[in-house]
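Heads up, the thing below is written out as structure tokens.
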Amino acid sequence: MELNDGNLQTLTEFMRKTLDPDPSVRRPAEKFLESVEGNQNYPILLLTLLEKSQDNVIRVCAAVTFKNYIKRNWRIIEDEPNKISDPDRTTIKANIVNLMLSSPEQIQKQLSDAISIIGREDFPQKWPDLLTEMVTRFQSGDFHIINGVLRTAHSLFKRYRHEFKSNELWLEIKLVLDTFANPLTELFKATIELCQTHATDINALKILFSSLTLISKLFYSLNFQDLPELFEDNMETWMSNFHNLLTLDNKLLQTDDEEEAGLLELLKSQICDNAALYAQKYDEEFQPYLPRFVTAIWNLLVSTGQEVKYDLLVSNAIQFLASVCERPHYKHLFEDQNTLTSICEKVIVPNMEFRSADEEAFEDNSEEYIRRDLEGSDIDTRRRAACDLVRGLCKFFEGPVTAIFSGYVNSMLGEYAKNPGVNWKHKDAAIYLVTSLASKAQTAKHGITQANELVNLTEFFVNHILTDLKSQNVNEFPVLKADAIKYVMIFRSQLPKEQLLQAVPLLVAHLQAESTVEHTYAAHALERLFTMRGPNNSTLITPAEMAPFTEQLLNNLFKALALPGSSENEYIMKAIMRSFSLLQEAIVSYIPTLIGQLTHKLLLVSRNPSKPHFNHYLFESLCLSIRITCKANTTTVGSFEEALFPVFTEILQNDVQEFVPYVFQVMSLLLEIHTSSIPNSYMALFPHLLQPVLWERTGNIPPLVRLLQAYLEKGGATIASSAADKIPGLLGVFQKLIASKANDHQGFYLMNSIIEHMPTESIVQYRKQIFILLFQRLQSSKTTKFIKSFMVFINLYGVKYGAIALQEIFDSIQPKMFGMVLEKIVIPEVQKVSGPVEKKICAVGITKILTECPAMIDTEYTKLWTPLLQALIGLFELPEDDSIPDDEHFIDIEDTPGYQTAFSQLAFAGKKEHDPIGDVVSNPKILLAQSLHKLSTACPGRVPSMLSTSLNAEALQYLQGYLQAASVQLV
């Protein structure tokens, strides 16, 4: 694309269309931009637009488009084409910092993000002058520019907070500190002075305090991994100024807004974080400053109001106290009973209260409430911080703290009992207090795993939780109902089974509650209970125990999806999936009605996929419906195809990228169930599956390969007879996959299926070319993964076509090639092959080479015979990997290695491992003994003499064992 006015005009027009609410205008415009983004100069045109366009909307749109383009394409992925040309990369890096600093704030933020994305890949090696270019701008004195630099530096360095330690990281941080730490310290001092100079100028203060907040965030990032020398030397400067800022109360900076945190609150919150970091990590160096920080933060907590705008500040301040009280040598600060009582009374109890703001969120912003409360993203809530402080105090003072709080809990419950309608918030706080007191250790998978012995959880459940769950009106006191459900969920590992069984029907009833939080919690609690393990790896709650409630459970779950606000509720869909998996054949009679609801839901969400987890569980539930029903009766597969294919066709035709990999997985599952030949409806789709454009997207590759394998398994002969012209396309896919280090194993899966299932005559003309391609890849890049797959492939070839055919095809490519492959690859590397089926294929293949290939006995290859046998015995006798994979019912989707946005593996579309050799060989060791016996009877004396001269004693001993087990001898 040329850099000219015509192209700028075209881009402007298409950008305007991407903002159109009408999908028929918006979608084609998005597709157009997607189609041109691979062209050289495209990003430069975007930068030109955002700098020079007269229309502010277009400038912002170009900035957002540019950032997203960088996010998608800047990283160079091995084996994939470089999506941004080198000249464009150079031009972007040369201009972007200047452009970012001279742009208005809205655009500056987008470009700042783009710089940090590029920096993550290129800094420091490929962009060494980035920092110096930024630091020199500190001298400008213009705080619009300075804040732009600080914002960019913050987004660039904040990853230091969660990176694993490594030499590379240390070197990068050292480089950053050498260039950045001193100018940052000087800027900090200068900004503090300017704050004093302009103490009465509100506009100046706003800009200066934004700078101080960014400087404080950078301080946190640069000090996170280790205490840098420069910061240690300047600790007095940093800490005394931080302390002064904590105690500062400038009336000009106070805001009237009760919701939004002001600049002063944001700065003080960050300083609390910085103090907590030093108290935890560098306590020795921080010791002189600690008492005054504890005093300042305590005063801050006691004097700060309950408004939402102070939430971050209060929670960070409490987190500071929590991190201090856990350290053994600060223990003395908290030992006094009065101090403990004071902390409990003035800090913990007030911050556990359910405020009107929480009530509003519960009712009107349930998604955010759930995210914070259930998923632990409540890091910055007061309740979470107060809960952490209780846990911290319990580390050394469990007895006294439990005693103080027991009094509070009893008085709160007493208040509630006097007038439940008015005082329900007292009970809510009491439940929260009990929960934070009782929880010592928690995991997402098991809930609370370690509890405070001083709290009787079962008694509290019976007296205070069950009553709420049993109440006939599920819509009364929804907050208390949600609390009760959450109590069951988090203490599920501590409560006895009979109480959990008592709770199940009550939870099922709560699925019909109007409150989104309440019915979501009920679904989540049921899903968690269903994944609890009982004896011998089965589920704790059995399908038989669920029988009385099965119909109600399924009805209520599907009805809950129709409740306002829950049409795409991922917790409900996950509970549907887990219920199907738990109940198994008990759901068969319900599936005919439920499958219609699931496919209708799929049709709706496919038009605008916005909830990836919901969609994932929806496809998992479809897979379970298919597997469970077809296990009972395989002929029902046709009715599933009738229900699903119209929706699948729409998804494939509209190219709904998020759903295409799922569709291929479900189609594989359906096709694998068919017992007879391949249906025509599948054959009609076959040519489309070979289109190169489908294989461009990495997320499509694993499911597409599996689908093609299913085609080959069910219809190898059909493809050979009615679609022979498509075989070159199939081999083209293999060629593309084999060239990629990331996907070569997928290429082998496909080739192994071709070898196993295609009629010999249909691929005979391509065989030599296949081997040549593999040798070219071996020469260009020989990875362990490739070698293992290559070994399985050549042995499978030998099993299928015979050892002589294998030797002949190698030697036809180049004389003596067969010997080279055995000597350089098979003998030294075969022990790396893992997996029972893969090992079996190699064992049977090598046995055939040893005993059915005359060239191994009578040519120069004979010297390889004993080393090859030795390698085979090594393969048999090496320790096996005997770890058993988790039963799929217990798998959490987020834990599976295949779960990512590009390709999400469906656990319940799981493919049974296929053994191409099957029952023909049940024990490869016996096969080896029998084959050696057969060979020795054909040429008496040869085999024992080869063994006695060069096989080592240990291997010989193993071999004697195989011969005995097979009841044969060598002659």
Side-chain angles (χ1 to χ4, degrees), residues 147 150-151 154 158 161 184 187-189 191-196 198-199 202 204-224 231 235-280 286 289-324 343 346-347 350-351 357 379-386 388-389:
N147 281 356
L150 291 171
R151 201 175 290 117
H154 170 54
K158 67 180 176 201
R161 303 173 179 197
L184 187 72
L187 178 68
F188 180 54
K189 291 197 287 199
T191 312
I192 295 278
E193 279 173 28
L194 284 168
C195 287
Q196 287 154 357
H198 297 282
I202 178 66
L205 284 178
K206 279 182 177 173
I207 295 168
L208 293 168
F209 269 76
S210 318
S211 309
L212 285 173
T213 305
L214 285 163
I215 291 169
S216 302
K217 287 181 173 183
L218 284 161
F219 177 91
Y220 189 88
S221 300
L222 295 175
N223 282 273
F224 191 87
F231 286 106
M235 199 181 289
E236 177 59 36
T237 301
W238 284 97
M239 289 305 155
S240 52
N241 281 311
F242 278 161
H243 180 261
N244 294 341
L245 289 168
L246 264 186
T247 51
L248 177 81
D249 187 16
N250 189 319
K251 297 281 178 280
L252 289 176
L253 287 167
Q254 287 177 353
T255 56
D256 298 331
D257 189 331
E258 289 198 359
E259 300 281 320
E260 197 71 34
L263 289 166
L264 203 53
E265 288 81 50
L266 290 172
L267 174 60
K268 288 182 177 184
S269 305
Q270 187 56 50
I271 291 173
C272 287
D273 259 357
N274 295 353
L277 177 77
Y278 266 55
Q280 274 178 312
F286 188 56
Y289 304 94
L290 183 87
R292 61 179 118 149
F293 271 90
V294 170
T295 308
I297 287 173
W298 171 260
N299 291 334
L300 195 71
L301 279 170
V302 179
S303 60
T304 302
Q306 285 282 26
E307 292 84 352
V308 174
K309 67 175 173 182
Y310 300 124
D311 283 6
L312 181 66
L313 172 58
V314 169
S315 70
N316 282 1
I318 298 176
Q319 290 290 3
F320 167 78
L321 286 184
S323 62
V324 171
I343 290 176
K346 293 183 175 156
V347 175
N351 285 301
I379 295 303
D380 54 355
T381 63
R382 294 171 179 242
R383 280 192 144 186
R384 169 68 177 268
D388 288 347
L389 180 54

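Keep in mind that this is a model prediction, so the values were computed, not measured. When a residue number appears, it is its place in the shown sequence, counting from 1.
- Side-chain contact between Phe188 and Ile192: present, with at least one pair of heavy atoms (C-beta onward) separated by less than 4.5 Å.
- Of the possible donor and acceptor atoms, one in the side chain of Lys268 sits under 3.5 Å from a partner among the backbone N and O of Leu248.
- A donor-acceptor distance shorter than 3.5 angstrom exists from the side chain of Glu265 to the backbone of Gly262, with no hydrogens or angles considered.
- Taking the six-membered ring for Trp, Tyr278 and Phe231 have ring centres at least 6.0 Å apart.
- Distance OG/Ser269 to CG/Leu300: 8.5 Å, rounded to 0.5 Å.
- With rounding to the nearest 0.5 Å, the separation of CG in Leu301 from CD1 in Ile343 is 9.5 Å.
- Among all heavy-atom pairs drawn from Asn147 and Leu214, the shortest one is O-CD1, 3.9 Å.
- No close placement of the Phe242 and Phe293 rings is indicated, their centers lying 6.0 Å or farther apart.
- Between Leu205 and Cys195, the shortest heavy-atom distance links the atoms CD2-O, 3.9 Å.
- To the nearest 0.5 Å, atom CG of residue Leu313 and atom SG of residue Cys272 are 5.5 Å apart.
- The side-chain heavy atoms of Ile297 and Ile318, taken from C-beta on, include no pair separated by under 4.5 Å.
- In this structure, Glu258 and Glu307 approach most closely via the heavy-atom pair O-CB, 3.8 Å.
- With contacts defined as side-chain heavy-atom distances shorter than 4.5 Å, the pair Leu389/Asn351 does not qualify.
- Side-chain contact check for Thr191 versus Leu187: some heavy-atom pair is nearer than 4.5 Å.
- Inter-residue side-chain proximity for Lys158 and Tyr220 is flagged as unmet; no heavy-atom pair is nearer than 4.5 Å.
- A donor-acceptor pair is defined here as one N or O able to donate and one able to accept, closer than 3.5 Å; no such pair exists between the side chain of Gln270 and the backbone of Ile215.
- Looking at every heavy atom in both residues, Phe286 comes nearest to Ala275 through CE2-O, 3.8 Å.
- For CD of Gln254, the number of neighbouring non-hydrogen atoms (other residues, nucleotides, ligands) closer than 6.0 Å is greater than 12.
- A donor-acceptor contact shorter than 3.5 Å links the side chain of Asn274 to the backbone of Ser216.
- To the nearest 0.5 Å, atom CG of residue Leu321 and atom CG of residue Asp388 are 12.0 Å apart.
- With a 4.5 Å cut-off on side-chain heavy atoms, Val347 and Trp298 count as touching.
- Distance check: Arg161 CZ to Phe224 CZ gives 8.5 Å after rounding to the nearest 0.5 Å.
- Residues Arg384 and Ser315 fail the side-chain proximity criterion, which asks for heavy atoms closer than 4.5 Å.
- Within 6.0 Å of CD on Glu260 lie no more than 12 heavy atoms contributed by other residues, nucleotides or ligands.
- Interatomic distance, Arg382 CZ to Tyr310 OH, rounded to the nearest 0.5 Å: 9.5 Å.
- Contact check on Lys251 versus Asp249 returns a salt bridge, with a Lys/Arg side-chain nitrogen under 4.0 Å from an Asp/Glu carboxylate oxygen.
- Around atom CG of Asp257, more than 12 heavy atoms belonging to other residues, nucleotides or ligands sit under 6.0 Å away.
- Using a 3.5 Å distance cut-off with no hydrogens or angles, the side chains of Lys189 and Thr237 do not pair a donor with an acceptor.
- The closest side-chain heavy-atom distance from Thr255 to Lys309 is below 4.5 Å.
- Contact between Ala279 and Phe320 at its shortest, heavy atoms only, is CB-CE1, 4.2 Å.
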